[in-house]
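Structure, as structure tokens:
Read the numbers this way: they start at 1 and go in the same order the structure lists the ligands and their atoms.
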Amino acid sequence: MTLNRPDARNALSTSLLREIAVALDSAREDDAARCMVITGGDTVFSAGADIKELAKRTSAAAIVDVRPSLWDRIRKFSKPLIGAVNGYALGGGCELALLCDITVAGAGAAFGQPEINLGIIPAAGATQRLVRLAGRQLAMKWVMTGAIIEAREARAAGAVAEVVADDQTLERALALAEVIAEKPQLAVRLAKEVLNAAQDAPLEVGLALEHKACAALLASADFNEGVTAFLDKRRPKFEGR
Ligand code: COA
């Protein structure tokens, strides 16, 4: 999926956000779609909320805004979502990159939560997700200074999985997607669910979920195929059941 509003630096207007949610909803229903890669193209990932739209939003309208539910739909996408980030990923654009399951950044990518410069704070998860990802100290620094964070620092903070040369970003993200697409899909889906639970659930609950998810996978045809292929010394042929 390529965000394509170059004139507004891929700013996340409500309609663009809705398009992302709708695209992920249809990918969720599509058995042929095993993994999604989201990028903003070669020069900018996304400059965040559409400031022209934001300028007209009243507090009352924001309270009943559809945007939180659109973000929820994106966050709850059940298949792997891989981010390929080149250029600026700011505000909501940074939050979108952070909620990807695996984010590949070009060396020249620049992250940041500059909302503070507009007199507001992030509203699509950064205050919560950054603390969990990068820890309270870095989260405070990012959100309170609104500073631009280079890809290298984002990687060191654990906010992205890999930093590659700018012209390799999409290629690398697609290569990761291809690797994951060949894996047994039930296991991939449950891995995502259980790994996500690790961020929020108490350890005991997460460990129980992990154990039960793995126990359920023992009943899958793909598990049978995986072990049979291993013992037969051949490549497995997974069917996602
Ligand atoms: N919302 C709406 N329009 C935006 C936008 C945003 N978040 N970011 C950029 N644009 C528009 C600009 O208004 C400009 O439109 P114009 O040509 O009609 O004047 C166009 O995109 C190009 O922006 P410009 O600032 O000239 O591009 P740049 O490449 O020099 O800088 C950014 C890119 C992303 C660094 C810069 O645009 C920026 O800081 N954007 C705001 C980021 C932000 O604060 N996000 C948080 C929002 S809550």
Side-chain angles (χ1 to χ4, degrees), residues 1-23 38-75 81 83-100 103-134 138-155 157 159-160 163 165-167 169-170 173:
M1 184 193 317
T2 304
L3 308 179
N4 188 21
R5 284 190 79 204
D7 293 347
R9 302 297 184 265
N10 292 335
L12 298 169
S13 59
T14 301
S15 67
L16 180 54
L17 204 58
R18 184 175 285 111
E19 282 187 66
I20 298 170
V22 168
I38 184 165
T39 181
D42 294 339
T43 53
V44 64
F45 184 67
S46 168
D50 187 310
I51 298 175
K52 289 167 192 164
E53 192 181 277
L54 188 62
K56 297 187 211 128
R57 195 170 305 146
T58 63
S59 181
I63 288 169
V64 292
D65 196 3
V66 68
R67 294 173 66 91
S69 68
L70 296 176
W71 279 108
D72 264 358
R73 276 160 65 185
I74 298 169
R75 185 173 58 83
L81 179 61
V85 178
N86 277 326
Y88 288 108
L90 300 179
C94 186
E95 289 166 301
L96 183 57
L98 292 178
L99 71 65
C100 290
T103 303
V104 178
F111 298 81
Q113 299 294 156
E115 291 89 345
I116 200 88
N117 300 326
L118 300 173
I120 52 174
I121 63 169
T127 61
Q128 306 305 300
R129 203 163 275 123
L130 267 178
V131 172
R132 286 166 169 77
L133 277 175
L138 281 180
M140 290 281 181
K141 188 178 94 170
W142 287 30
V143 171
M144 288 186 177
T145 66
I148 295 292
I149 311 294
E150 290 177 9
R152 208 168 15 94
E153 188 181 343
R155 171 68 200 94
V160 305
V163 178
D166 284 321
D167 60 359
T169 315
L170 184 56

Considering only protein heavy atoms, determine whether one is less than 4.0 Å from [atom].
{"atom": "atom 7 (N) of ligand 1", "answer": "yes"}
{"atom": "atom 30 (O) of ligand 1", "answer": "no"}
{"atom": "atom 35 (C) of ligand 1", "answer": "yes"}

- Message: Please confirm whether Leu12 approaches ligand 1 to less than 4.0 Å, judged on its heavy atoms.
- Response: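 No, Leu12 has no heavy atoms under 4.0 Å from ligand 1.
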- Can you figure out which of Ile116, Ile120, Ile51 has its heavy atom closest to atom 41 (C) of ligand 1?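 The nearest heavy atom belongs to Ile51.
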- Task: Could you name the option among Ala110, Gly112, Ala8 that has the heavy atom nearest to atom 3 (N) of ligand 1?
- Result: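 It is Ala8 whose heavy atom sits nearest to atom 3 (N) of ligand 1.
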- Task: Run through Leu96, Asn86, Asn10 and flag the one making a side-chain contact (heavy atoms from CB on, under 4.5 Å) with Phe45.
- Result: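 Going through the options one by one, the only one that passes is Leu96.
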- Short list, please: which atoms of ligand 1 are under 4.0 Å from a heavy atom of Leu118?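 The list of qualifying atoms is 47 (C), 48 (S).
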- Which atoms of ligand 1 are found less than 4.0 Å from any heavy atom of Ala11?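 Matching atoms, with element in brackets: 1 (N), 2 (C), 6 (C), 7 (N).
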What protein heavy atom is closest to [atom], reported as residue, atom name and distance in Å?
{"atom": "atom 39 (O) of ligand 1", "answer": "Leu90 CD1, 4.2 Å"}
{"atom": "atom 44 (O) of ligand 1", "answer": "Pro114 CG, 3.6 Å"}
{"atom": "atom 19 (O) of ligand 1", "answer": "Lys52 NZ, 4.5 Å"}
{"atom": "atom 9 (C) of ligand 1", "answer": "Arg9 CG, 3.8 Å"}
{"atom": "atom 45 (N) of ligand 1", "answer": "Ala47 O, 2.9 Å"}

- Message: What verdict does the salt bridge (charged side-chain N to carboxylate O under 4.0 Å, His left out) test give for Lys141 and Glu153, after you've listed the backbone C-alpha separation in whole Å, the side-chain angles of each residue and the deciding distance to 0.1 Å?
- Response: CA-CA 12 Å; Lys141 188 178 94 170; Glu153 188 181 343; 3.1 Å; yes
Smallest separation among heavy atoms of [X] and [Y], with atom names:
{"X": "Ala84", "Y": "Ala173", "answer": "CB-CB, 3.7 Å"}
{"X": "Arg18", "Y": "Val66", "answer": "NH2-CG1, 3.8 Å"}
{"X": "Ile121", "Y": "Glu115", "answer": "C-CB, 3.7 Å"}
{"X": "Cys100", "Y": "Ile38", "answer": "SG-CG2, 3.7 Å"}
{"X": "Gly106", "Y": "Ala151", "answer": "O-CB, 3.4 Å"}
{"X": "Gly41", "Y": "Thr2", "answer": "N-CG2, 4.1 Å"}

- Do Glu115 and ligand 1 have an N or O pair less than 3.5 Å apart?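 Glu115 vs ligand 1: no N/O contact under 3.5 Å.
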- Look only at interatomic distance and state if Ala49 has a nitrogen or oxygen under 3.5 Å from any nitrogen or oxygen of ligand 1.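 Yes.
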- Query: Does any non-hydrogen side-chain atom of Asp42 lie less than 4.5 Å from one of Leu170?
  - Reply: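 No; the side chains remain at least 4.5 Å from each other.
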- For ligand 1, is any non-hydrogen atom under 4.0 Å from Asp7's backbone (N, CA, C, O), its side chain (CB onward), both, or neither?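 For Asp7, the contact with ligand 1 is made by the backbone alone.
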- Item | Under 3.5 Å: donor-acceptor pair, side chain of Glu95, backbone of Ala124 |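 A pair under 3.5 Å: yes.
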